[in-house]
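Sequence positions, counted from 1, serve as the residue numbers for this chain.
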Amino acid sequence: MTLFSTFGLFIALSLLIALLLALIVIMPWLRASRLRENPVDNQLLDINIAVFRERLIELQSDKDNGTIDDTHYQNQKTELERQLLDAQREVTPMVAPGIKSRLIIMVWVPVLAGLAYFLIGDRTPVFDLWTAEDKVAQVADDLLTGKIDQPPAWAIEDGTQLISAMQTNVYRHADDPDRWMRLSELFLSLEATDSAIEALSRAYRLSPDNEEIATTYAQISFFANKGQLDASSRRVLQDVLAKNPQHEGAQMLMAMGEARGSNFAEAQGWIKRLRESIAAKPGDHTQALGSLDELSANVTAQEQQASQGIEVTVSIDAALLPLVKADDVLFVAIRDVKGGPPYAAKRLPISIIKQGEATISLSDLDAMMPERTLKSARDEKVQLAVIARISHSGTATAESGDLSGNPVVFSPEQNQVNVDINQQVP
């Protein structure tokens, strides 16, 4: 289908819809010719009848109250009836519109509708989409259904057209998880990680039993979240392992995520399970087992570093709890009381706080710069302080409306600090 045929079809459908609406509007006019030659508008007569009834009720009330006698009541009633009969004789004919008036409406309604469509908004994106559909719609469908792995050279001369066609195709087949999966691959190739995760989440909701989709969704979420397992990716991996306890990819992600979350014993447990699973397979797996041993040694080293860190207990004042939102971010950092970049810092989802309190470990694993560590600060006897802040925007810089607490200074020998978030940034 060419661009002009598509455009022509659109115009024809638009005119048809406009014409149908016009006919609905003027349908009473079309029926008027089938009525009496001089139809009567009875609206005035209805009003007079209503007034007559009200006056009659008033007269009856006056008679019952003794305000007027029976003779006066009968005279007034007779006069009202006479006035009502006179009003019936004075009828207002309804003028039926002529053929000229009808034609004007029938022509101008679709014309004005078309002008409004073209003039009110910029239709360039729509025309561009039509062009893309006419040119690469079939290529997009073949890519999304796996019929081809690479688009032909002519189809990627304008990458925007192919991307638009693929997105349109997926939304037309929104119940196909494989199309959402392949769309996520496109977004990943364009480094649009957030869009890729959204596409994968839709694919997973449509097909939660598909291990490939589930593990890919968890993996991309894991790395996008800087190596941390959020509640969603953890739940996905747990579902995969519940159905397939020997799934190596899911086990590796769990081991890495637990290590990143300072759950070192759990991480070592996953490494052990994964090592046993690989060792039980036939063949030479020396390289894989060596990599797992190296990972286990790294986890041990991280655990040792974490043991030399600071355990920070963050609590939120009860009066401020209603101000905390579900998408807020908790920032905890250790810095020199004189200022400068922090020696250790963590950015955590607000969900880590349970019943107004959370315990966070800060160590050299959370150093912002390799040469600026807690160990170096303690060796140099730097006076340190812990700060905690809840950000509504998710940015590291404090903004108006954020919740924060006063910095808590601690000695080099201290390993535990309590911080109370008890004020709102003005």
Take atom CD of Glu212 as the centre, draw a 6.0 Å sphere, and report whether it contains more than 12 heavy atoms from other residues, nucleotides or ligands.
no
Return the set of residues passing side chain to side chain donor-acceptor pair (under 3.5 Å) with Asp230 (not counting sequence neighbours), or none when no residue passes.
Ser233
CG-CD1 distance between Leu384 and Ile334, expressed to the nearest 0.5 angstrom:
7.0 Å
Please collect all ring pair (Phe, Tyr, Trp, His ring centres under 6.0 Å) contacts where either partner lies in residues 156-184, sequence neighbours excluded, each pair once.
Tyr171-Trp180
What pairs with Arg182 under side chain to side chain contact (heavy atoms under 4.5 Å, CB included), at least two apart in sequence or on another chain?
Leu144, Asp178, Glu185
Value rounded to 0.5 Å, distance of CE in Met254 from CD1 in Ile271
12.5 Å
Heavy atoms of other groups near Asp149 CG, more than 12 under 6.0 Å:
no
Between Glu311 and Asn415, is any pair of side-chain heavy atoms under 4.5 Å apart?
no
Tell me, yes or no, whether the heavy-atom count around Glu191 atom CD, taken from other residues, nucleotides or ligands under 6.0 Å, exceeds 12.
no
Given the rule in the side chain to side chain contact (heavy atoms under 4.5 Å, CB included) test, do Leu186 and Leu143 qualify, once you have shown the distances and angles that lead to the verdict?
CA-CA 10 Å; Leu186 170 67; Leu143 284 170; over 6 Å; no
Any Pro407 side-chain heavy atom under 4.5 Å of Val337 side chain
no
Thr286: what forms a side chain to side chain donor-acceptor pair (under 3.5 Å) with it, not counting sequence neighbours?
Asp284
Carboxylate-amine/guanidinium contact Lys243 Asp239, below 4.0 Å:
no
Which atom of Pro322 lies closest to which atom of Ala319, heavy atoms considered:
CD-O, 3.5 Å
Output for pair (Leu253 CG, Glu248 CD), nearest 0.5 Å, gives 12.0 Å
Minimum heavy-atom distance between Ala259 and Val299, given as atom pair plus value:
CB-CG2, 3.9 Å
Got a sec, which pairs hit side-chain hydrogen bond (donor to acceptor under 3.5 Å, both in side chains) with one end in residues 365-374, sequence neighbours left out?
Thr373-Ser376
From Asn406 CG over to Asn422 CG, what is the distance, rounded to the nearest 0.5 angstrom?
5.5 Å
With a cut-off of 3.5 Å and sequence neighbours excluded, list every side-chain donor-acceptor pair involving residues 350-363.
{"residue": "Lys354", "atom": "NZ", "partner": "Ser351", "partner atom": "O", "Å": "3.1"}
{"residue": "Ser363", "atom": "OG", "partner": "Leu365", "partner atom": "N", "Å": "3.3"}

Full working for side chain to side chain contact (heavy atoms under 4.5 Å, CB included) between Met256 and Leu229
CA-CA 9 Å; Met256 297 170 62; Leu229 286 176; over 6 Å; no
Pair Gln138, Asp142: side-chain N/O donor-acceptor within cut-off below 3.5 Å:
yes
Compare every heavy atom of Ala165 with every heavy atom of Val136, then report the nearest pair and how far apart it is.
CG2-CB, 3.8 Å
For Val324, which of Leu330, Ile421, Ile316 qualifies under side-chain contact (heavy atoms from CB on, under 4.5 Å)?
Ile316
Do Ser393 and Glu399 have side chains that approach each other closer than 4.5 Å (heavy atoms only, starting at C-beta)?
yes
Side chain to side chain contact (heavy atoms under 4.5 Å, CB included) between Val139 and Ile148: does it pass, once the steps are laid out?
CA-CA 8 Å; Val139 176; Ile148 59 175; 4.3 Å; yes
Which residue pairs satisfy the ring pair (Phe, Tyr, Trp, His ring centres under 6.0 Å) criterion with at least one member in residues 189-232, sequence neighbours excluded?
Tyr204-Tyr217
Which side-chain hydrogen bond (donor to acceptor under 3.5 Å, both in side chains) pairs, counting each pair once, include a residue from residues 327-347, with sequence neighbours left out?
Asp328-His392
Step by step, work out the side chain to side chain contact (heavy atoms under 4.5 Å, CB included) result for Arg202 and Val170.
CA-CA 11 Å; Arg202 297 198 180 200; Val170 170; over 6 Å; no
Counting only heavy atoms not in Gln383, do more than 12 sit closer than 6.0 Å to its CD atom?
no
What pair of heavy atoms forms the shortest contact from Ala214 to Val240, and how long is it?
CB-CG2, 3.6 Å
Qualifying residues under side chain to side chain contact (heavy atoms under 4.5 Å, CB included), relative to Ser207, sequence neighbours excluded
Pro177, Asn210, Ile213
Quick one: are Pro151 and Leu162 in side-chain contact, heavy atoms under 4.5 Å?
yes
Going by distance alone, is a donor N or O of one side chain under 3.5 Å from an acceptor N or O of the other, for Asp317 and Gln423?
no
I need the Leu183 CG to Ile163 CD1 distance, nearest 0.5 Å.
9.5 Å
Quick check: closest heavy atoms across Ser315 and Asp420, and the distance to 0.1 Å?
O-OD1, 3.2 Å
Does Gln150 have more than 12 heavy atoms from other residues, nucleotides or ligands lying within 6.0 Å of its CD?
no
Spatial distance of atom CZ (Phe331) from atom OG1 (Thr395) [nearest 0.5 Å]
6.5 Å
Decide salt bridge (Lys or Arg N to Asp or Glu O under 4.0 Å) for Arg389 and Asp402; before the verdict, give the C-alpha distance in whole Å, the side-chain angles of both, and the deciding distance to 0.1 Å.
CA-CA 7 Å; Arg389 179 173 57 85; Asp402 289 351; 2.9 Å; yes
For residues Val419 and Ala388, report the shortest heavy-atom separation together with the two atoms involved.
CG1-CB, 3.8 Å
Any residue meeting side chain to side chain contact (heavy atoms under 4.5 Å, CB included) with Ala224, in chain and number order, not counting sequence neighbours:
Thr193, Ile197
Hey, can you pull the donor-acceptor pairs under 3.5 Å for the side chains in residues 262-269, sequence neighbours left out?
{"residue": "Asn263", "atom": "ND2", "partner": "Glu258", "partner atom": "OE1", "Å": "2.8"}
{"residue": "Gln268", "atom": "OE1", "partner": "Ser296", "partner atom": "OG", "Å": "2.8"}
{"residue": "Gln268", "atom": "NE2", "partner": "Ser296", "partner atom": "O", "Å": "3.2"}
{"residue": "Gln268", "atom": "NE2", "partner": "Thr300", "partner atom": "OG1", "Å": "3.1"}

Give a yes or no on whether the backbone of Ala250 and the side-chain of His247 come within a donor-acceptor separation of less than 3.5 Å.
yes
Are the side chain of Ser221 and the backbone N or O of Ala218 linked by a donor-acceptor pair below 3.5 Å?
no
Taking only residues two or more places apart in sequence, or in another chain, which ones meet Pro245 in a side chain to side chain contact (heavy atoms under 4.5 Å, CB included)?
Arg273
